[in-house]
Number of protein chains: 2
Amino acid sequence: MRVLVVEDDARIASDLKAALESAGFRVESCGDGENAWFLGDTEEYDLVVLDLGLPRLDGLTVLKRWRGNGREMPVLVLTARGAWAERVEGIDAGADDYLPKPFRMEELVARARALVRRSAGRGSALQEAGELAIDTNRMFVSLRGVPLSVTALEYRLLSYLMLHKDRIIPPVELLEHLYGDEDAREANALEAVVARLRRKLGPNVLGTRRGFGYFLEPLGPGR
Amino acid sequence: MRVLVVEDDARIASDLKAALESAGFRVESCGDGENAWFLGDTEEYDLVVLDLGLPRLDGLTVLKRWRGNGREMPVLVLTARGAWAERVEGIDAGADDYLPKPFRMEELVARARALVRRSAGRGSALQEAGELAIDTNRMFVSLRGVPLSVTALEYRLLSYLMLHKDRIIPPVELLEHLYGDEDAREANALEAVVARLRRKLGPNVLGTRRGFGYFLEPLGPGR
DNA sequence: TTCGACCTGACAGCGGCCTGACAGCCGCCG
DNA sequence: CGGCGGCTGTCAGGCCGCTGTCAGGTCGAA
């Protein structure tokens with residue numbers, strides 16, 4: 001975990017650094033707003049600890065510029081005690097959390113960990129097979145990077161095949177999964193869906209193994 | 001946005017409810033730990049405001065059980081003034097933020113908005129999607145730079161779509177977040193809102209993917 | 001060659017979705 | 001207190017895209 005500490009008071013800065021490092025973070029420091037802005041804009045941090053009173057460029061301005069540029073890393077703001085207007089302002093500017101000064105180091109570390117924990121584990125779940133990719137978050141399918149419009153049923157079929165892309169899926173299994181057992185469709189319904197999908201996908205994407213079932217190309221070694 | 005307020009003091013609870021509702025949230029309240037645990041475990045909330053001193057089941061225990069069950073919604077904890085240990089404990093139990101009592105309602109609302117944004121990976125309060133922009137601080141919507149007057153319900157719909165503008169939102173999810181589970185509306189209510197909104201927004205802003213749900217244009221690359 | 005598994009285009013029914021009209025509710029104001 | 005207007009859920013009607021079915025055609029295995 002990489003952390004940027006922006007703090008002009010050298011003593012506080014070194015205390016912060018010590019505490020965070022002993023908690024397992026890799027810490028980089030910076031004492032003025034200009035440099036902070038540059039670093040936060042160009043480097044990748046898992047967390048920024050930002051003091052608002054800075055020389056050369058105000059902390060709030062720095063934060064707003066980062067957010068304006070689409071930088072989304074979690075930012076923990078240090079504010080003066082009792083300045084609640086400043087806190088609201090900071091939060092509205094895009095801060096993820098703030099800590100009033102003075103504070104205990106244990107608390108800062110606890111909140112730093114919480115922020116990092118929360119920001120982790122986002123991002124879209126993208127699954128691929130050959131030239132085909134499917135984003136289960138956005139429910140999007142793309143072929144060679146080009147978005148492809150599929151119907152709900154086609155999507156369900158593709159996502160099931162994608163989930164089991166290491167084997168061949170028998171038609172019965174697909175029928176069972178696409179429709180329930182109750183409202184069973186006859187096998188031809190599935191064939192129709194496959195045909196319509198292939199028209200969109202082109203050749204060599206959705207394969208058939210006669211007598212066994214359907215699969216996504218490429219199917220492992222062998223075949 | 002759907003919020004659960006867990007607070008045993010009826011006066012504070014109603015103040016919280018009023019403040020959050022005037023900020024565009026849909027608020028549900030609950031006065032004891034047992035019910036809170038059940039609700040948080042079974043319903044989908046965009047935020048929980050949790051008081052620690054609760055009858056029947058302690059707030060910290062409730063929070064830990066939620067987290068233990070994999071519930072990941074952002075939780076804002078209300079603590080007594082100066083209770084350091086309690087705060088650290090709360091954060092380690094999985095709280096995303098805390099607010100010491102007494103607090104200003106403005107600050108609570110600001111932090112609530114910030115938490116909701118952050119939980120969706122959004123830093124800024126000003127969100128845009130194509131020609132549409134919405135400022136969640138001022139509850140202000142504009143289209144192509146021109147201010148747009150929307151009703152409370154329309155605003156809630158738009159802000160939820162904006163918060164999740166990188167994916168398609170199924171109608172069930174929208175119904176759940178616009179209304180609660182207790183007063184469930186039928187799907188057509190949602191369709192009516194969408195239709196009225198589209199009359200204001202014009203074409204190519206609020207899109208539909210048949211069989212999937214609604215989304216804001218433009219969604220991702222293409223389509 | 002024969003048989004059955006699989007493919008394909010055409011077509012019709014269904015159902016998801018849209019829309020306009022209407023009525024109940026509520027806050028506002030005279 | 002009563003009327004008024006905005007907001008919103010419900011209803012009925014209609015459109016159109018999705019999807020199952022059918023009737024052939026094709027292909028591979030024995």
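Letters A, B, ... mirror the listed sequences (proteins, then strands); counts begin at 1. Bear in mind the structure is a predicted one, so any value in this text is a computation, not a measurement.
- Rounding to whole angstrom units, CG of residue A:Leu175 and P of C:dA5 are separated by 14 Å.
- Atoms CG (A:Leu178) and P (D:dG20) sit 9 Å apart, rounded to a whole Å.
- Comparing B:Lys200 and A:Ala152 by the nucleotide of DNA chain D that holds the closest heavy atom to each, the one mapping nearer the 5' end is B:Lys200.
- Contact check on A:Arg67 versus A:Glu72 returns no salt bridge, with no Lys/Arg side-chain nitrogen under 4.0 Å from an Asp/Glu carboxylate oxygen.
- Of the residues in residues 130-142 of chain B, none has a non-hydrogen atom less than 4.0 angstrom from any atom of DNA chain D.
- Dashed line: the shortest gap from a side-chain N or O of A:Tyr214 to OP1 or OP2 of C:dC7 is under 4.0 Å.
- Computed from coordinates, the B:Glu191 CD to C:dG16 C1' distance equals 8 Å when rounded to whole Å.
- Closest to the B:Arg199 side chain, of the nucleotides C:dG20, D:dG20, C:dC7, is C:dG20.
- In this structure, the CD atom of A:Glu186 is 12 Å from the C1' atom of D:dA23, given to the nearest Å.
- Atom-to-atom, CZ of A:Arg198 to P of C:dT8 comes out at 6 Å; the value is rounded to the nearest Å.
- Side-chain N/O atoms of A:Thr151 include none lying less than 4.0 angstrom from OP1 or OP2 on D:dG17.
- Between B:Arg26 and B:Glu28 there is a salt bridge, with a side-chain nitrogen of the basic residue lying less than 4.0 Å from a carboxylate oxygen of the acidic one.
- Between B:Asn188 and B:Glu154, the residue anchored nearer the 5' end of DNA chain D, judged by the nucleotide with its closest heavy atom, is B:Glu154.
- A salt bridge links A:Asp97 to B:Arg111: one of the charged nitrogens lies within less than 4.0 Å of a carboxylate oxygen.
- In the helix from C:dT1-D:dA30 to C:dG30-D:dC1, the terminal helix axes, each the rotation mapping four pairs' C1' atoms onto the next four within five end pairs, subtend 20°, rounded to 10°.
- With hydrogens and angles left out, the side chain of B:Arg196 and the base of D:dG9 share a donor-acceptor pair within 3.5 Å.
- Spacing between atom CZ of A:Phe212 and atom C1' of D:dA29 amounts to 12 Å, rounded to whole angstrom units.
- OP1 or OP2 of D:dG9 sits under 4.0 Å from a side-chain N or O of B:Tyr179.
- We find that CG of B:Leu197 is positioned 15 Å from C1' of D:dG6, with the value rounded to whole Å.
- As judged by a 4.0 angstrom heavy-atom cut-off over every strand, B:Arg210 is placed among the base-contacting residues.
- For the pair A:Arg209 and A:Phe212, the cation sits on the ring face: its NZ or CZ lies under 6.0 Å from the ring centre, inside 45° of the axis.
- Look at A:Thr208 and you'll find a side-chain N or O under 4.0 angstrom from OP1 or OP2 of C:dC7.
- Of the charged side-chain nitrogens involved, none lies within less than 4.0 Å of a carboxylate oxygen, so that B:Arg2 and B:Asp46 do not count as a salt-bridged pair.
- A:Ser142 places no side-chain N or O within 3.5 Å of a backbone atom of A:Gly145 that could act as its donor or acceptor partner.
- Rounding to whole angstrom units, CG of residue A:Leu190 and C1' of D:dC18 are separated by 16 Å.
- Each of B:Ala195 and A:Ala192 has a nearest nucleotide on DNA chain C; the 5'-most of these lies closest to A:Ala192.
- With respect to B:Lys101 and B:Asp9, no salt bridge is recorded, no charged nitrogen being found less than 4.0 Å from a carboxylate O.
- Using a cut-off of 4.0 Å between Lys/Arg side-chain N and Asp/Glu carboxylate O, B:Lys165 and B:Glu128 are scored as not salt-bridged.
- Cation-pi check for B:Arg65 over B:Trp37 is met; the charged atom lies under 6.0 angstrom from the ring centroid and within 45 degrees of its normal.
- Salt bridge status for A:Arg167 with A:Glu173: present, with a side-chain N to carboxylate O gap under 4.0 Å.
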